[in-house]
Every structure is written in C-alpha cells, then in structure tokens.
Amino acid sequence: MPTSELTFRTAHDADIPGLVELIESAYRGDASRVGWTTEADLLDGRRTDPDGVAAVVRNETGRLLIAERDGSMIACCQLEHRGDHAYFGMFAVRPELQGGGFGKVIIAEAERTAQDLWGAREMRMTVIRQRAELIAWYERRGYRRTGQFTPFPYGDERFGIPQRADLEFELLVKPLAQAVSAQ
C-alpha cells in the first residue's frame, strides 16, 4: 500500500478550487459512486462551495489538512480547536483511491495533529445517522456513537438537497491518548 508516500500540509487560499472539486467528487453526483463514501442516494446538490471551503481554510481556530501523493491532492480533512476537543469534518478521499488504506492514515494524522497543536483530549464529529457503513468504519477507528442527534438543516441548500425526510446527524467521539509527561 503506497500510503507511506503521503505528505501533509495546511491548505491555503490557492487550494480552494481543488479542495471544492475533491470534496464534491467524494460525496455527490455520479463521480462519487466510484467510492464508498457517496451521499448521492441521500442528498442531491452541492456538498460545499468555494465560500464554505474558504471559511474553513481561513478559520483562525482550525485548519484544513491536505494529504498529497506525488504533489497531487488526494485527500483533506477539517480540524477545528474547540476547547478540550477538536472537531473533525470535511473528510474526503478521491473516490478512485477509497478502500486503499488512505483514510486510516489520514485520520490518524488528523488525531496526532489535534493533540500536538492544541492538546486535544478528544476528537468529535457528526455523521448522517443513515450512513451505517461509514459509522461502522469510524467505530473500527475507535469512535463511539453517543446517541446525541441534531436535525439536518432542511431548507439550507448549502448542505445539499435531501432525498428523504428523516436525515439527522449523530455525534461520534473518540478519546485521544495523551502523552505521559516525564516525572
């Protein structure tokens, strides 16, 4: 598996168009069906837009982490410092590379980054509860379901156009190992 060839960096404004394309390709439309993280059966429309990605890139309490291989952007994820924990979102891997082990490497790097930068004790994320296969993948990475749900923002097309009336987000959490200080 060529995941050892990955390099990581923080996104900049010049990356925004490529990031929008990457995120859209992983979640929406026919292109997303090549991978397993598609939301195309649940949501139509856009997953994000240049303004939404720019807001994450420019957020002073977070960063958008890019994974590259041979100089090409293959994945990204959002990290946001929120007190004692970090929020993980906007996770996307190119559809044709999904299932190749990249996700495991990228989420581990995101967790390490959150700990190193902010001393985060926990990672949190929200996932559409109907995404059972994705939730199971996160559970295999140590995340646990909390049973805490928030409604999907129906009527706000920035999040997509729902294809069903029962969508909601579930909070997933994972405690992050803390380095033991020298005595």
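Position 1 is the first residue of the sequence; numbering continues from there.
Scanning all heavy atoms of the two residues, the minimum distance from Val57 to Ala11 falls at CG1-O, 3.7 Å. Nearest heavy atom pair, residue Thr48 against residue Glu24, reads N-OE2, 2.7 Å.
The salt bridge (Lys or Arg N to Asp or Glu O under 4.0 Å) test applied to Arg47 returns Glu39, not counting sequence neighbours. Taking Thr126 as the reference, Tyr87 meet the side-chain hydrogen bond (donor to acceptor under 3.5 Å, both in side chains) condition, with sequence neighbours excluded. A search for side-chain contact (heavy atoms from CB on, under 4.5 Å) contacts involving Ala86 returns Ala114, Trp118, Ala120, Met123, not counting sequence neighbours. Applying the side-chain contact (heavy atoms from CB on, under 4.5 Å) rule to Phe159 yields the partners Phe152, Pro153, Asp156; only residues at least two apart in sequence or on another chain are considered. Taking the side-chain contact (heavy atoms from CB on, under 4.5 Å) definition, one finds that Pro17 meets it with nothing, sequence neighbours left out. Under the rule for a salt bridge (Lys or Arg N to Asp or Glu O under 4.0 Å), the partners of Arg145 that lie at least two apart in sequence or sit in another chain are Glu170. Applying the side-chain contact (heavy atoms from CB on, under 4.5 Å) rule to Thr61 yields the partners Asn59, Glu80; only residues at least two apart in sequence or on another chain are considered. Remark: Asp49 pairs with no residue by the salt bridge (Lys or Arg N to Asp or Glu O under 4.0 Å) rule, at least two apart or across chains. In this view, Asp84 satisfies the salt bridge (Lys or Arg N to Asp or Glu O under 4.0 Å) rule with no residue, not counting sequence neighbours.
Atom CZ of Arg46 is separated from atom CD1 of Ile23 by 10.0 Å, given to the nearest 0.5 angstrom. Taken from SG in Cys76 to CE in Met90, the straight-line distance is 7.5 Å, to the nearest 0.5 Å. For the atom pair CD1 (Ile107) and CG (Leu65), the distance works out to 11.5 Å, reported to the nearest 0.5 Å.
Side chain of Arg141 to main chain of Trp137: a donor-acceptor pair is present (N/O by atom type, distance under 3.5 Å, no hydrogens or angles). Using modelled atom types, no side-chain atom of Arg63 and backbone atom of Thr10 make a donor-acceptor pair closer than 3.5 Å.
Around atom CD of Glu157, no more than 12 heavy atoms belonging to other residues, nucleotides or ligands sit under 6.0 Å away.
Grouping Ile, Leu, Val, Met, Phe, Trp and Tyr by side-chain contacts under 4.5 Å, direct or through others, leaves Ile161 on its own.
Sorted by first and then second residue, the salt bridge (charged side-chain N to carboxylate O under 4.0 Å, His left out) pairs with a member in residues 10-20 read Arg9-Asp15, Asp13-Arg58; sequence neighbours excluded. Identified under the salt bridge (charged side-chain N to carboxylate O under 4.0 Å, His left out) test for residues 91-104, with sequence neighbours left out: Glu21-Arg94.
Ion pairing between Glu122 and Arg124 holds under the 4.0 Å rule for side-chain N and carboxylate O.
By the criterion of side-chain heavy atoms lying less than 4.5 angstrom apart, applied directly or through intervening Ile, Leu, Val, Met, Phe, Trp or Tyr residues, Leu42 is not grouped with Met125; the two fall into different hydrophobic clusters.
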